[in-house]
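Presented below is the structure to which this report refers.
We name chains A, B, ... by the order of the sequence lines, and we start the count at 1 in each one.
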2 protein chains.
Amino acid sequence: MADSHKITISELAKRTGVSEATISRALNDSPRVKQTTKDKIQKLAKELGYHPNILARSMRTNQSKTIGVIISNIANAFFTSVVRAIEDEAAKLNYCTIVINTDENPGTERNAIEMLQGYMVSGFIIASTRRGLDYKPILGNTPAVFIDRMPNNDGDYDTLLVNNADGAKQVVNALIAQGATRIGVISSSVSTAGQERLAGYKAALQDNRLSLDESIIKFSDVQMKNVRQYTSNLLINQACDGLFTADNAILLAAMEEITARKLTGFKLGAFDNEPWFDFFNTPVTAVQQPTIEMGTRAVQLLTTRIDQPEDAGVPELLRLTVNLVKRG
Amino acid sequence: MADSHKITISELAKRTGVSEATISRALNDSPRVKQTTKDKIQKLAKELGYHPNILARSMRTNQSKTIGVIISNIANAFFTSVVRAIEDEAAKLNYCTIVINTDENPGTERNAIEMLQGYMVSGFIIASTRRGLDYKPILGNTPAVFIDRMPNNDGDYDTLLVNNADGAKQVVNALIAQGATRIGVISSSVSTAGQERLAGYKAALQDNRLSLDESIIKFSDVQMKNVRQYTSNLLINQACDGLFTADNAILLAAMEEITARKLTGFKLGAFDNEPWFDFFNTPVTAVQQPTIEMGTRAVQLLTTRIDQPEDAGVPELLRLTVNLVKRG
DNA sequence: GTGAAAGCGCTAACAG
DNA sequence: CTGTTAGCGCTTTCAC
């Protein structure tokens, strides 16, 4: 039985009488070790509860089989779902993940990347904040895949986005089909996704020959402090009969105001969908992002770049499709 | 400017002409280095974009300033919130976190712990699955704090729970006050929390002289596959006029059935609360767990054990209080 | 106040 | 098929 004393390769070497190198090879199932030796060593390792020191291995091999994941906020349901998918796929491929929240702060993002470089992460998956950073010098040779938002360095890294403009357009079209004629919007200015979704909103108005009124276009702050005020402003003062919120955090903040003031008689739409939107009092037409696919493919793209850089080709920009969920 | 070449201590030593030891001391702000030397070295380090190799440091110092966090599922809103709090407090104390999902699988939990030992984590925060594991031999000397569920090894580790029985009792009492007389319950059998909440449910019935009917006590499976069926069974066949779900995953699954079948005329209660429960069609009376406090204090307890083991005293069992949110 | 040297645990040449 | 040796980058005695 394993006592509190840590079992190392040299310990195994002592006990078996073979060299550390052979132990290492046997544990890594190298073909260059006799099967009987391998068996004996692996059996002993199991008995003694040997577990490799990943840090030592990482130092030696110069890569840690760890993926650094940088997002704005794990508590945002979109990222929760993406991160869960990343963790699952990474685990499947024998990678570990370290997740850092930036709260949309570029300084935090930068520090996170540098800190994770110190962990010798094999690669990054990043939801970039405000396009602000110049990633090339910070990332160096470390592979990275960008998700959700376009990074500053277009074309230098694999990038996995959804069709934001199209999704937003679908939602707004649906609101119009439901009878809305004056649709306010609250979008986000910190990400490229917010900008694209706003463009989709505008395109839908144009397609439906509705006039564009800049005074009913609003932008949330990062903490969503102003969203409630914007919501009542749009729905009461501005007499909107529709509201489009450009992500789920904005939607939830808007719903607070809608619920508190018992606002009715308007159509609600949102980017991002969650199963529990089904239970809402005020029906919300929303687009479901392919969060699982995004997380899974991000890991696949990244590990391909890490493990077979020659197979990876030039960096790609992929747009995944979203799915409209009509309600109300 | 930092080119792609990695800056190490030996690099700094070469450039400045002092020894590696001095560089190391200067970067760690040791008092044993002349101030002018320190300034010079720190300035150069910043210029060249030096960042310490955490792995090398961890190996040398025998601890990684990393916390292993083991939970069942980050997508469960309760854990999302706790984990966010853990990450924030850990970052504040200069610790990094690695989160692993077990999906309530004891084998996965065990592997996760062993794997993280290989990362030389400084400590663990664990939401234990099914009380199944004997933690002493796996954890060895690594400090650990248990959250949400009682671990097998009572008394060996700091443990941070909420007052589950009391919280459940409060909810059920509220349902009774709202007029419910026959309250079905769907709890969870995989965690001690589920058992305690069931006990609270029973206590509330007893206090109110309602009879206990074992046939309206159900247990969800891990994937919540059976919850919808139980829900309609309880609310239709069993003619319950109240339903208590023992965690938020169960609640959401039950809400699916309630919404799909448009079930009405009953009182709904739950353990766990989320702000967006406010927006639900069917009002749900729920207890809010102190997720932030739980995460924050878990990190504090753990880092105390890591950094000042002599101050930490004997392992404590703490019960945090929950907060009833009445709706409907 | 600074330097020399050892070593954490592992793997990868290179020999044989 | 197996052993010897070196070294990843860092910290930490022990000298001076």
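Between the NZ atom of A/K38 and the P atom of D/dC1 there is a distance of 9 Å, rounded to whole Å. Here the P atom of nucleotide C/dG1 and the CD1 atom of B/I23 are 17 Å apart, to the nearest Å. For the pair B/E11 CD and D/dG7 P, the computed distance is 17 Å after rounding to whole Å. Rounded to whole angstrom, the span from the CE atom of B/M59 across to the P atom of C/dA6 amounts to 17 Å. The CD-P distance, from A/E20 to D/dC1, rounds to 22 Å in whole Å. If you measure from atom CE of A/M120 to atom C1' of C/dC10, you get 12 Å, rounded to the nearest angstrom. Taking atom OH of B/Y119 as the reference point, atom C1' of C/dC10 lies 15 Å away to the nearest angstrom. Regarding B/Q63, its CD atom lies at a distance of 15 Å from the C1' atom of D/dT12, rounded to whole Å.
Among the atoms of the strands shown, none is found under 4.0 Å from any heavy atom of A/S58. Residue-level contact check: A/S24 touches the bases, meaning some heavy atom is under 4.0 Å from a base atom. B/R57 comes within 4.0 angstrom of the backbone, heavy atoms only, and of no base. At the heavy-atom level, A/N62 lies nowhere under 4.0 Å from the strands shown.
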- Item | CA sep, side-chain torsions, deciding dist, call: B/S81, B/T291, side chain to side chain donor-acceptor pair (under 3.5 Å) | CA-CA 6 Å; B/S81 178; B/T291 50; 2.7 Å; yes
- Task: Determine, stepwise, if the pair B/N153 / B/D134 fulfils side chain to side chain donor-acceptor pair (under 3.5 Å).
- Result: CA-CA 7 Å; B/N153 315 50; B/D134 182 18; 3.1 Å; yes
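Proximity of A/I86 to A/D88: side-chain heavy atoms (C-beta onward) are nowhere separated by under 4.5 Å.
A side chain to side chain donor-acceptor pair (under 3.5 Å) with B/T142 is found for exactly one of B/R305, B/Q117, B/Q63, namely B/Q117.
The side chain of B/Y50 places an N or O atom within less than 4.0 Å of a non-bridging phosphate oxygen (OP1 or OP2) of D/dC10. The side chain of A/S19 contributes no N or O atom lying less than 4.0 Å from OP1 or OP2 of D/dT4. At the phosphate of C/dT2, OP1 or OP2 sits under 4.0 Å from a side-chain N or O atom of B/T37.
Below the 3.5 angstrom threshold, one finds a donor paired with an acceptor across the side chain of A/R32 and the base of D/dT2.
Of the residues near DNA chain C, B/V18 and B/A56, the one whose nearest nucleotide (by heavy atom distance) lies more toward the 5' end is B/V18.
Looking at the side chain of B/N53, the nearest of the listed nucleotides C/dT2, C/dT11, D/dC10 is D/dC10. Of the listed nucleotides (C/dA4, D/dG9, D/dA6), D/dA6 has the atom at the smallest distance from the side chain of A/R60. The nucleotide whose nearest atom lies closest to any side-chain atom of A/R25 is, among C/dG9, C/dG3, D/dT2, D/dT2.
Between the side chains of A/Y119 and A/S58, no donor N or O sits under 3.5 Å from an acceptor N or O.
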